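Data first, discussion second: the structure below is written as structure tokens.
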Amino acid sequence: MSYLSLSDNDKKEMLARVGVGSVDDLFCCIPDSVRLRRPLDLPPALTEIELVRTIEGIGRKNAYAGHLSFLGGGAYEHFIPAVVDYLSSRGEFVSPYTPYQPEVSQGTLQIIFEFQTLVCQLAGLDIANASLYDGSTGTAEAVLMAQRVTGRDKVLLARSLHPQFREVVRTFIKNLGIEAVEVGYGPDGRIDPAALAGLLDARTAAVVHQSPNFFGVVEDVRALSEAAHGAKALSVAIVAEAVSLGLLEAPGRLGADIVTGEAQSLGVPLSFGGPYLGFLATKKEFLRQMPGRVAGQTVDKEGRRGFVLTLSTREQHIRRERATSNICTNQALCALRATIFMETLGKRGLRELAWQNVQKAAYAADRLAAVPGVKRRFSGPVFNEFVVELPKPWPAVEASLRAKGIIGGYGLEAAYPELKGAALVTVTEMRTKDQIDRLARSLQEVLS
Amino acid sequence: MSYLSLSDNDKKEMLARVGVGSVDDLFCCIPDSVRLRRPLDLPPALTEIELVRTIEGIGRKNAYAGHLSFLGGGAYEHFIPAVVDYLSSRGEFVSPYTPYQPEVSQGTLQIIFEFQTLVCQLAGLDIANASLYDGSTGTAEAVLMAQRVTGRDKVLLARSLHPQFREVVRTFIKNLGIEAVEVGYGPDGRIDPAALAGLLDARTAAVVHQSPNFFGVVEDVRALSEAAHGAKALSVAIVAEAVSLGLLEAPGRLGADIVTGEAQSLGVPLSFGGPYLGFLATKKEFLRQMPGRVAGQTVDKEGRRGFVLTLSTREQHIRRERATSNICTNQALCALRATIFMETLGKRGLRELAWQNVQKAAYAADRLAAVPGVKRRFSGPVFNEFVVELPKPWPAVEASLRAKGIIGGYGLEAAYPELKGAALVTVTEMRTKDQIDRLARSLQEVLS
Amino acid sequence: MIKEIREPLIFEISEAGKRAGELPALDVPEKKDALAGVALRRELEGFPEVSETEVTRHFTRLSQKNYCVDMGIYPLGSCTMKYNPKINERLSAHPAFAASHPLASEDLVQGNLEVLKRLENYLSEIAGMDAFTLHPAAGAHGELVGMMLIRAALEARGDARKHVLIPDSAHGTNPSSAHICGYAVREIKSNENGTIDLAGLEREMTDEVAALMVTNPNTLGVFESDILRITEIVHAKGGLVYMDGANMNALTGIVRPGDMGVDVLHINLHKTFSTPHGGGGPGSGPVGVKKELVPFLPVPVIGERNGRYVLELDRPGTIGRVRGHFGHFSVIVRALCYILSLGPRGVREIAEFAVLNANYIRKSLEGDYHLKYTTPSMHECVFSDKLQKEHGVTNLDIAKRLIDYGVHPPTMSFPLIVHGALMIEPTETESRRDLDLFIDAMKAIAREAKESPEVLHAAPHVTYVGRLDEVNAAKNPVLRWEKKP
Amino acid sequence: MIKEIREPLIFEISEAGKRAGELPALDVPEKKDALAGVALRRELEGFPEVSETEVTRHFTRLSQKNYCVDMGIYPLGSCTMKYNPKINERLSAHPAFAASHPLASEDLVQGNLEVLKRLENYLSEIAGMDAFTLHPAAGAHGELVGMMLIRAALEARGDARKHVLIPDSAHGTNPSSAHICGYAVREIKSNENGTIDLAGLEREMTDEVAALMVTNPNTLGVFESDILRITEIVHAKGGLVYMDGANMNALTGIVRPGDMGVDVLHINLHKTFSTPHGGGGPGSGPVGVKKELVPFLPVPVIGERNGRYVLELDRPGTIGRVRGHFGHFSVIVRALCYILSLGPRGVREIAEFAVLNANYIRKSLEGDYHLKYTTPSMHECVFSDKLQKEHGVTNLDIAKRLIDYGVHPPTMSFPLIVHGALMIEPTETESRRDLDLFIDAMKAIAREAKESPEVLHAAPHVTYVGRLDEVNAAKNPVLRWEKKP
Ligand SMILES: Cc1ncc(COP(=O)(O)O)c(C=O)c1O
Ligand SMILES: Cc1ncc(COP(=O)(O)O)c(C=O)c1O
């Protein structure tokens, strides 16, 4: 299948105008010694009919589809209204570039402006950017930002922070002389306040905490922020399940200086982990240190309101190595999906969505805890996921559940050796009571 | 799920402006005795999540999906490029009304104009309308048109014409004093010329023939048209498989006065029989007698080219009972799909598509004829379907094939008692050699 | 986005050798002589040759030259241009339905048959009829089928009859459909309320008359308050009552035609039940009947036999087949989705707020535009250009000027009993803001009509093309592109 | 469609009590105290309340305020705005992929892993590298990951080094990425051909220098003909060569960076491999490496063990995780579809016709616009506004005026070595007609610059808004809507 739009005649006439005899002559400036003189070793071209057969064939190799899944841990199966898919698939949104020419990009620009507003409202902070790659890189950007703001070179990472987020932070700071120290959790699954107090010092740039944390437990963001501020460090609140912000108090209102994380939950498909949607909000005073693009409101000569990308002096195409971040292309189309999603559910819808997640998880937690041998690992309040401890090793339990067509949860041992035999069970609004009961029944069968 | 856009406050203020106390007061003019004073007996409202579960649940009750199908007979499984689905699903095409306001409907109008042009090119005639409901009603409209043109009251219908088309014609003419007489077919599956000659007379308004006919056999349209013209009757050519026009000579070039039929093949999904796409083309001289809407080219005051619905004096909203047809809403969106489809495949693509259908069917015919006990019923040349005769009753054979996951064809006995044990087997470009071989193998197993 | 951009015809950008939509290489041995002796064409003369890029741009740009419901209020009277829910588009295109073949045997398509049966049942409940057929492809087709049913019923009584009565306010398809059913049409005049004149009806309603075709609410948006008396008169003379249900949007859940003495009616799924108009179809015009007419329904009829759905073809009384297969199935799926989404209360709210919105507009514009009939309005109201005519401004000028204000014009072509009609139907899905947008535009235009009529004559000013020469289009019809010689 | 229509912010049309996207009633017993003691918000202050009709109209109208590839030529230099095939959109959204969870165990997602592995292999063949990682989320992320790999490799040699050399023509992300990787950036000047000055390079290339970041073809669209000598110089001093592959569209199937001595490079799937830009992402910036750097690749690495795909996490040398999960999977599916569709010949034709189209434009405009560097162009050409400046017309004026002609402006923000740059990249999917449309517009503007410069200063004239006050936007930033007090 070819996507060229030139006829043979076009090619002939164009070569003539360019003044070369053949297409090959156009590449004269490439040293002959390295020219590739053989066809690339790729499969033969496919027509659309064949491509569909091939790709759908590969898709059928994903056994996942057939299963009832209780996976979460930073990627959530939530309801996506049909309007989100329809509107976000319009060519006018899919096929333009970054809106560098505002007069022909007002659609994209206004949407970014609405997205920034919605993120500020969720975060309870003054300003937000147009998006970052995802929650993990967003966390890393927040750490670098905290260093720029405070001039300090040590960050405290909650051990209850998403393991992948912690790994990515370490990868980013490795070459920058920033030290990362982990803060443990207590029996309630929350950050251990004593441990935190012990680690905070004059070198600490930020306390990085996540709520709901990786165990699904809601942290006491106010207390954590106060502790951080007590040491003149920033309180960096990570949100890996953005739906929770429909119900939980805005972290900014609880003292967080930077709120960043993953907004996949807001209308972005699971899609095996990407593309997702990083976001970052902070206080006005940190504007010049904020990474990533922002859209701002302005007017044209006739005073008509319009929107533009602004404050680009923070960015690499002007600041080059002194930019606040190297990010250029971000997640515009995912931010569009989230904007449509949030505006569709709206004020009451998003709150109700969050509440239903809490309720389904609470019901599931009670049902599972009632299964002989199953224990809740942590006592803290949870949003839409919780950790269970099992009498048998998780891999065995997981396999037996799988045999019943159920993916029961995510084993924690790999990321938390100290949590051997524990698993994270996630229950969103998409799981029905029947499905939850089926999980409980199956687990009971598996364990007895 | 509600699609209203009024807030409670809106409703209050609007009622106040209207000057009524309650919504109920708006219906004062309805006799109280007949007002419905109970809720309608309908299932409780579903949210989008529930609706998806319900409808997909109903969909799963269609066992059809799992099968390898060789069905055709006027409805064909053809390749539909993704551009057709994407472009035809744009709200600007899906959600407007008939283009009665040309200045804000140039998109739809230009597309109708392009569609009319493409239909004329396929049919080999001067003019075409914007569409009719489907092939069956199109055939009926052609019969009524032939009566208006010739002032005669008898039509000859080929027995090889789609049985449903024949039935619909009879339903339409029943009350109009038009007589329909059937013309039989010969051993080659084509209209029997002698029989035709015998039935043609001064009362005959039209000879209605289909090519490829319901047996998949290509008729000799030139001979049929000459015969019709010999009796000053019109030659009405029906096309139930529009893809065939990519290869077969245009009926208009072979003498047909009216070419009408079903264009589902051109980018319209099978969708259990509808909506499909009727089309009708004819000669300039019959313009005033042509049923259905037409778009025409004109200019605005600045001389800019534009398109409008025209010649509406033929239509009911002006002519009322003397209109050439009562059709108002037609198949605009299906015509759009067909237009995108034809322009995507283009000159060479549509011809190649037709040729591949011929080849796959030819291969299948040979493979099946090689199965012991299986005979080709007709000797005439076929396009993409053919009739086989089996040693066992079709229902039994069909059932056994079904058990192997194959829908082997369409039994003809119901429509053609004289073709007991015969079935119509359709093979489009979507069937691979492997699938055809599988059919042959399975049939052999079933019959041995 | 850019007014100046003009989009050529695809034929004008075609270039030999370009293509999209390629096919796989033939995987069976090629039989060159497969069609020996058959007349083949040398080539598809005039067919375009373009790339997929060009196809996508062509239709994307063309789409941007349309106004549509997805852009704003579309108060086209009698057309019920309500919002078309996106989820219904997705579900109707689900492969389980979209890929299923109409000739597949019953047991392979039980889901499809359930869809049909469910909608038949729900429509029967909503319209108060005993049965429905979903075969008709659109409203006009429904009218024709309905009249065929009436004729069949009367013939069965041995009393075919010759005439059909139709009010002068009726839509053009009514007389046309009656005519194609072999009936002679007698028009009955409306009274000063715009409704059927009872005296006139009694006079006209002879035993030669097969049926009355009534639209209720009628095309003025006025409910025929005498409907019970009307149906009584017709029945007394042995006639049957056909109701054009195009305006059902005013009645859902409030009153049922079947309870008013209607014997046969059609409903437009593409109006009342939110299936998209698609720029002129496909629609769907299901027909509902009372018991007496059930035997005559078109085949196939969906039956139920011990828990499974079956296709009944052998029905002696049937008028026969009226269209291939089972009607506009994917449209039917959408309508089913809509009813299931709304539920009993939601279906009632259709009528409640369609009528509230229409009356809100009527009340807001009363001072500014002339209202020939002051009878209460249901789901639409019909103003005229009488006041503006004094300044030489016609309903056409008003309509075209509305385009400049970014809203779609009302219906002008009928009802014929109102000269210079402006027939306004907002539907229930409009927001207050969109209603006010329209109202403010109409008020502004009323002012402009007095102060600067020339602006109106020259309207629209903001579109890709100005007013087009329709007279010339009809006088010298150019109905297709042709290669310049 | 209508220039005048202005679209409010969603917050400005919100009305208490409206809603769309309703949820099913809770089907589990409600536990009111489930979050007892947790700080909850009273309400989502400021969040909008609108109906689905309003959402659909809001975004439909907003979409119509964008220009896009689906509308016409988009010759934005360095961005490779080619056509995005529709089938790839559909297949990447297929539930088998779109609904699969990233934490599902390997055996449940073998199809997904095959997608990743296949693309890694195909990219390795196309770029001539030994391995690829698909983790990077975009080009800049790829640069960072690439530099991390280089640093890790050098540290493993026990020789971390301090500096990175970057030509002055490079894209801003290059120095920024090197900086975030902990390197000090040294800029090297371009010579009169716009390419790397060998003498300068030899001088700068000390054993303190970790790497050279070269873009080839560079941002002038000029191929670094000395590339073999360049990589030799860097290698001789123990440094590594990083190539910014943003301009790979000029090379596919013609020459492979790996064969030119490049050690590490990134490719933009959202440029060379036709995945849509989405108004600014998501993109994907896979990184290719030579054997020496394979041990350091980010985890997880997709391995193959007896016929099945596995995730390798335990790799001692790895730089670690650079992003959650497996990169931008749905973007990766699209790129795979594209390569499978094109095949060996098609992939080569990308470069062939991207370069032909660019040279066609260059040749056509040479007389009209100034070309600072006359070195042969590959896939793009960079003119400047030098000739127009004489009439007081800048590249900004030219860009804005192009909008009036219905085409998208070229890139102006870089390369910084050309003042008033007009960086034009048509890509291979453009038709002759679209190329000529752009060329004719540029020529017309060159004339206007002489005859009526004021028209250019005031451009654009056809858009919803005119030139916007960017200075004020930055001086008094308004970055969010706020309720009027
Ligand atoms: C009152 C009335 N009756 C009948 C019809 C015809 O319906 P359709 O266009 O679906 O054939 C219409 C269409 O506008 C109408 O308004
Ligand atoms: C030459 C060059 N390098 C790097 C980049 C950055 O790529 P991305 O925007 O995907 O991060 C760009 C983007 O335009 C570019 O043109």
Side-chain angles (χ1 to χ4, degrees), chain A residues 1 5 10 14 18 23 26 29 39-40 45 55 58-59 61-62 64 71 81 87 91-92 94-98 103-104 106-108 117 121 133 136 164 167 171 175 249 269 271-275 296-298 300 306 310 316-317 320-321 323 326 329-330 332-333 344-347 362-363 433, chain D residues 20-21 27-28 31 34 39 46-47 49 59 62-63 65-70 91 96 98 100-102 108 110-111 137-138 140 172 175-177 179 182 223 276-283 320-321 324-325 328-330 341 343-344 352 355 359-360 431-432 463 465-466 468 473 478 480-481:
Chain A
M1 176 70 195
S5 301
D10 289 331
M14 290 167 67
V18 172
V23 169
L26 294 166
C29 44
L40 287 164
I55 297 297
I58 295 175
K61 298 180 185 173
N62 284 339
Y64 182 84
L71 290 175
L87 291 168
E92 295 90 331
V94 172
S95 71
Y97 193 69
T98 303
E103 300 85 353
V104 289
Q106 282 301 298
T108 297
T117 303
Q121 292 167 343
Y133 299 138
S136 68
Q164 292 191 351
E167 291 181 51
T171 306
N175 306 319
E249 180 55 280
S271 200
F272 201 50
Q297 177 179 311
T298 182
D300 68 5
T310 186
Q316 19 60 30
H317 53 273
R320 304 187 70 87
E321 65 263 43
N326 68 331
T329 289
N330 58 23
L333 201 59
T344 298
L345 268 76
K347 192 179 208 157
Y363 175 75
K433 179 171 180 304
Chain D
D27 66 350
V28 298
K31 207 168 165 181
F47 247 56
E49 297 178 80
F59 289 95
L62 285 176
S63 75
K65 300 183 190 297
N66 280 354
Y67 183 88
C68 62
V69 172
D70 278 4
L91 290 172
S100 62
H101 196 287
L108 290 172
Q110 285 293 305
S176 178
S177 301
H179 175 73
F223 188 87
H277 284 77
R321 241 183 235 278
H325 310 304
H328 285 172
F329 184 73
S330 74
S341 298
E352 292 180 340
V355 172
N359 279 278
Y360 178 74
S431 68
R432 173 92 174 274
T463 48
V465 293
L468 292 158
V478 179
R480 62 173 289 187
W481 170 86

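Quick note on labels: first sequence line is chain A, next is B, and so on, each numbered from 1. Since we're looking at a predicted model, the values are computed, not measured.
A:T298 places no side-chain N or O within 3.5 Å of a backbone atom of D:L468 that could act as its donor or acceptor partner. Using modelled atom types, no side-chain atom of A:N326 and backbone atom of D:S177 make a donor-acceptor pair closer than 3.5 Å.
Of the listed residues D:G182, D:G21, D:A20, D:P175, the one with more heavy-atom pairs under 4.5 angstrom with chain A than any other is D:P175. Of all the listed residues (A:L26, A:N175, A:L333, A:T108), the one sharing the greatest number of non-hydrogen pairs under 4.5 Å with chain D is A:N175. The candidate with the highest count of non-hydrogen atom pairs below 4.5 Å against chain D, out of A:K61, A:Q164, A:Q297, is A:Q164. Annotation: maximal heavy-atom pairing with chain A below 4.5 Å, among D:S341, D:G46, D:A98, occurs at D:S341. Residue with the most contacts toward chain A among D:G172, D:G280, D:P276: D:G280 (heavy-atom pairs, distance under 4.5 Å). Listed options A:A362, A:P81, A:S136 were ranked by heavy-atom pairs under 4.5 angstrom with chain D; first place goes to A:S136. For the options D:A39, D:S176, D:S330, D:G324, heavy-atom pairs under 4.5 Å to chain A are most numerous at D:S176. The most heavy-atom pairs under 4.5 Å with chain D, out of A:T98, A:V94, A:N62, come from A:N62. With respect to chain A, the highest number of heavy-atom pairs below 4.5 Å among D:A138, D:G343, D:P344, D:S431 belongs to D:P344.
Taking both residues in full, the closest heavy atoms of A:P96 and D:Y67 are given as CB-O, 3.3 Å, listed atom of the first, atom of the second, then distance. Listed here is the closest heavy atom pair of D:R480 and A:T117: CA-OG1, 3.4 Å.
Partner A:E92 forms a side chain to side chain contact (heavy atoms under 4.5 Å, CB included) with one of D:V69, D:N66, D:D70 and no other, that one being D:N66.
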Given the rule in the side-chain contact (heavy atoms from CB on, under 4.5 Å) test, do A:Q121 and D:W481 qualify, once you have shown the distances and angles that lead to the verdict? CA-CA 10 Å; A:Q121 292 167 343; D:W481 170 86; 3.9 Å; yes
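Interface residue A:V23: only side-chain heavy atoms are found under 4.5 Å from chain D.
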